[in-house]
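Step one of this worksheet: look at the structure below.
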Amino acid sequence: MRLVVSEKNIAARRIAEILAVGKPKAEKVYTTPVYTFRRDGEDWVSIGLKGHIMEVDFPETFEDTELKKWNLGSLSTLVRAPVLKLPKERGIIQSLKSLAKKAEEVIIATDYDREGELIGSDARDIVVSVNPDVPVFRVRFSAITKGEIERAFAEQDVISEELAQAGETRQDIDLIWGAVVTRYLTLAHQTKTRRPFGDVLSAGRVQTPTLKLIIDREKEREAFDPEDYWVVKGAFEKDGDRIPASHATERFKSEEAAHAVIAALEGASEGTVTGVKRTKRTVKPPVPFNTTSLMAAAASEGFAPAKTMRLAESLYMSGYVSYPRVDNTVYPPSLDLVAILKTLDAVPAYHEHVQVILRKGALTPTRGPKETTDHPPIHPTGALDPESVDAQVYKLYNLIARRFMATLSDAAVIEGTRADFDVTGQPFYARGDVVVKAGFRAVYHYGLKKDEVLPPLAEGERVAFLGAEMEAKQTQPSARYSQGKLIQEMEKLGLGTKATRHDIIQGLYDRRYVHDDPIEPTCKGRTVIEALTTYADRITSPDMTSELEAEMDAIANARASRETVVGHSRELLAGVMDKLVPIAEEVGELLKSATDEDAKVGVCPKSGHDLLIKFSPKTRSSFVGCSGYPECDVTYPLPKNAKYAALAELCPVCGTPQVKVLQFKKKPRVMCLSPICPTKKGPEILIRAAGCPTGDGGDLRVAYSAVGNRYVRCTNYENCKTSYPLPQSGDIETTDDTCECGAPIVIVHTKKGPWRICIDPACPLKSAATKGAKKGKGKPAAKAGTKKKTSTKRTGGKKA
DNA sequence: GCAAGGTC
């Protein structure tokens, strides 16, 4: 039996389909899918790996002894620690071994690149470990097409040990630098926080220079010196259509100059059209999607790159789009574009567009700048019913399908109009765009501005002038990176790969180095970069990657060895650590104040200290606490399972600090920290003025907890902890009545009628009241508040 | 408890 080993399942299947005489049979070895077939009178098996099946790590003995617990003192040892290769995909390895035992020949058909050579070399080592004498060949092909595959299998080669070594060098250096610097930052921070397992502060060859890009942009923005300018905007009207216009002087450098224009226009009610210019322009259809351009386009539709890839992966796995990890932007000739169009025809929303394209006859798809032959550009492969899937999944599919149709469509022709006006000697102009020929824009509406239509205007015509206003503006610094832009910048600098960039960015968010989109660094992120640029400049620069690339080329060409390159890298790192370790205290201090700064959400209204987002291990939840604790005991509740961001603005209604709450699958919202703020869910209800039993004059009001449950709380809540539970359903009516226990009585109107309750659950008269007085007077309320779950039931059942 | 690179 001949065994073909490729990098992934889809490649294994396609290779089997090409090589097979007849149709290959899909089977499983343990849980791994394989494809068996006949060729040249022999049995063949094709198996796909899952990328790397081995991973590097430090030896366990090392971890067990001195390095198991991270500590600063052992970092210099870790710099020179051996690096082992350990199994990562045990299931695949087991299946591979099982097949290898029976193989008479093994053909390594992993991707034709450095990582592919390494993956293939690892697979070869596993094969040989169970079948030492089996011949192992390597085939190299740059497209999984009949011609390429047949050619490659006819020219069997061997694994390039040098290229595989180059890959291993990358693995070693990434692990050693990543682990050592990460442990250093984490431990330095911990010396000051005294939390044994606090946050990990990571660093790496790709993530750290990427973070630095964000920080550099932020610093550039901070150093930016904005200039004031003024603009004058006016409006005309014709036949009821409003025509917004700008003064021909786009920017007035002084306020006086703009004022002068406004003054000159005083009283004017008419203007003259001094000219109308029309220009036609054609807009070419977009080029086919590769991974990077898909992520960029989806980012403008609100998808984070990591999310785009997750959704694209699931669409690919269910057969609706092609392989999503590609560089290629040119459809290969072998791709049957017409067949794909016919498939899309089944989607009602696409039918008309498909017909328009098919009627054109010969198809001339657009071509992007990158032409590789590993996979075709990302395109639809099936018709997806919008009703059958999650809206987000369909949104991405729709983008991919429409993009595909757009690449086969005609250019759009846009007619631009510029109309010039004169009002008492002041020149204005207005612009409009009209689509003359929709072309691809009929099917692909993404990333386009809305047309501004101008009514027909003729030179010399007089139109109504509606007036003008001036507006003060400032020049703006370069914008922060969006996730899509950052991906593109990383690609330009050679940071990461198409398959990892989105994960790298997501990692920066997960580590709380950055937040929001457009991306803004946190103090933590800034401080990590600050600390590293001083003494570990190498890991903060994209140069580390480009130099590593050059060294790996040298290894691949046998001009250098893995040992010397890794050894040299270790020495560089040792030098860095010699400088960093002695200043761990200072670095830790910087990191501590940075993480404290990030936790700030405002100023305590009681003591004036900072309010910090804290975590309570006891309740396993976050809350806002005063940094003046224990002297100041101000706390606020926070919703669970959420992330929080500080906001500078105080609550416009009650003046309490606010936070931004980000919850999974929910829109970010601004939340006032005050539990009795009227901005909270539900109406503001005063239960009793100056009625707090502590006698400090606080009002009792209905409040809403972080998760939206209502209860009664004292308005002096910063000092007074008085609170009473309330049933969660029914309208609350206040009364002037006071229970014999001294607490106010309220009436709760439920669907089944009103009932009076004493709001104190500890009311000593509760049981008596329930027994003696009308049914459902007090007790249900008490239960309702203290035990949420039973409350609704009990109130429902017990109502009078 | 570390990285970056594959792929699911």
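Lettering follows sequence order; numbering is per chain, from 1.
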Mind checking if A/Ile173 touches a base, just sugar-phosphate, or nothing, with heavy atoms under 4.0 Å? nothing
Once hydrogens and angles are ignored, does a donor-acceptor distance under 3.5 Å link the base of B/dC8 to the side chain of A/Asn9? no
Among the nucleotides B/dG6, B/dC8, B/dA3, whichever has the atom closest to the side chain of A/His52 is B/dG6
For A/Lys50 and B/dC8, is the shortest distance between a side-chain N/O and OP1 or OP2 below 4.0 Å? no
Let's see if you can work this out: which of B/dC2, B/dG5, B/dC8 has an atom nearest to the side-chain heavy atoms of A/Ala179? B/dC2
In whole Å, I'd like the distance from the CG atom of A/Leu508 to the C1' atom of B/dA4. 13 Å
Is there aromatic stacking of A/Trp70 on B/dG1 here, judged by a ring-centre distance under 5.5 Å and a plane angle under 30°? yes
For the residue pair A/His52 and A/Glu115, confirm or rule out a side-chain donor-acceptor distance under 3.5 Å. yes
Residue pair A/Ile504/A/Tyr316 against DNA chain B: nearer the 5' end by closest nucleotide is A/Ile504
Over how many whole Å does the gap from A/Met309 atom CE to B/dG6 atom C1' extend? 12 Å
If you measure only the distance, is there a donor-acceptor pair under 3.5 Å linking the side chains of A/Ser569 and A/Trp177? yes
Indicate whether OP1 or OP2 belonging to B/dG5 is found under 4.0 Å from a side-chain N or O atom of A/Thr500. yes
When you measure from the side chain of A/Val200, which nucleotide among B/dG5, B/dC2, B/dC8 comes out closest? B/dC2
Tell me: CD1 of A/Ile53 to C1' of B/dG6, nearest whole Å? 11 Å
Would A/Glu168 and A/Lys85 pass as an ion pair if we require N to O under 4.0 Å? yes
What's the closest nucleotide to the side chain of A/Arg183 if the choices are B/dG5, B/dC2, B/dC8? B/dC2
Given DNA chain B, 5'-ward residue of the pair A/Arg325 and A/Val56, judged by closest heavy atom: A/Val56
Which nucleotide in the set B/dC8, B/dG5, B/dA3 lies at the smallest distance from any side-chain heavy atom of A/Ser202? B/dA3
Interatomic distance where CG belongs to A/Leu118 and P belongs to B/dA4 [whole Å]: 17 Å
Taking any heavy-atom pair under 4.0 Å as a contact, classify A/Gly496: base, sugar-phosphate, or nothing. sugar-phosphate
If you look at every heavy atom in A/Val4 and A/Ala109, which pair is closest and at what distance? CG1-CB, 3.9 Å
Check every atom of B/dC2, B/dT7, B/dA4 against the side chain of A/Asp57 and return the nucleotide holding the closest atom. B/dC2
NA contact type, A/Glu55, heavy-atom cut-off 4.0 Å: base, sugar-phosphate, or nothing? nothing
Would you call the rings of A/Phe404 and A/Tyr331 parallel, tilted or perpendicular, taking 30° and 60° as the class edges? perpendicular
Rounded to whole angstrom units, what separation is found between the CZ atom of A/Arg13 and the P atom of B/dT7? 15 Å
Whether A/Arg205 contacts B/dG5 is assessed here as follows: a side-chain N or O lying under 4.0 Å from the phosphate OP1 or OP2. Is that the case? yes
Atom CD1 of A/Ile539 to atom P of B/dA4: distance rounded to whole Å? 8 Å
Regarding A/Arg511, tell me which of base, sugar-phosphate or nothing describes its non-hydrogen contacts under 4.0 Å with the strands shown. sugar-phosphate
Just how far, in rounded Å, is C1' of B/dA4 from CG of A/Leu211? 16 Å
Side chain to side chain contact (heavy atoms under 4.5 Å, CB included) partner of A/Asp199, chosen from A/Arg512, A/Arg511, A/Lys524, A/Gln190: A/Lys524
Which is true for A/Val180 with a 4.0 Å heavy-atom rule: it touches a base, it touches only sugar-phosphate, or it touches nothing? nothing
Nearest whole Å is fine: how far is B/dG5 P from A/Gln165 CD? 19 Å
Quiz item: cation-pi between A/Lys395 and A/Phe303, 6.0 Å / 45°: yes
Nearest-neighbour nucleotide for the A/Thr182 side chain, B/dC2, B/dG5, B/dC8 considered: B/dC2
Check every strand shown and say whether A/Tyr323 touches a base, only sugar-phosphate, or nothing at a heavy-atom separation below 4.0 Å. sugar-phosphate
Determine the contact category for A/Thr186: base if any of its heavy atoms lies under 4.0 Å from a base atom, sugar-phosphate if only primed atoms, P, OP1 or OP2 are that close, otherwise nothing. base
Picking from B/dC2, B/dC8, B/dA4, which would you name as closest to the side chain of A/Gln207? B/dA4
Where the side chain of A/Asp174 is defined as all heavy atoms beyond and including C-beta, which of B/dG1, B/dG5, B/dA4 is the nearest nucleotide? B/dA4
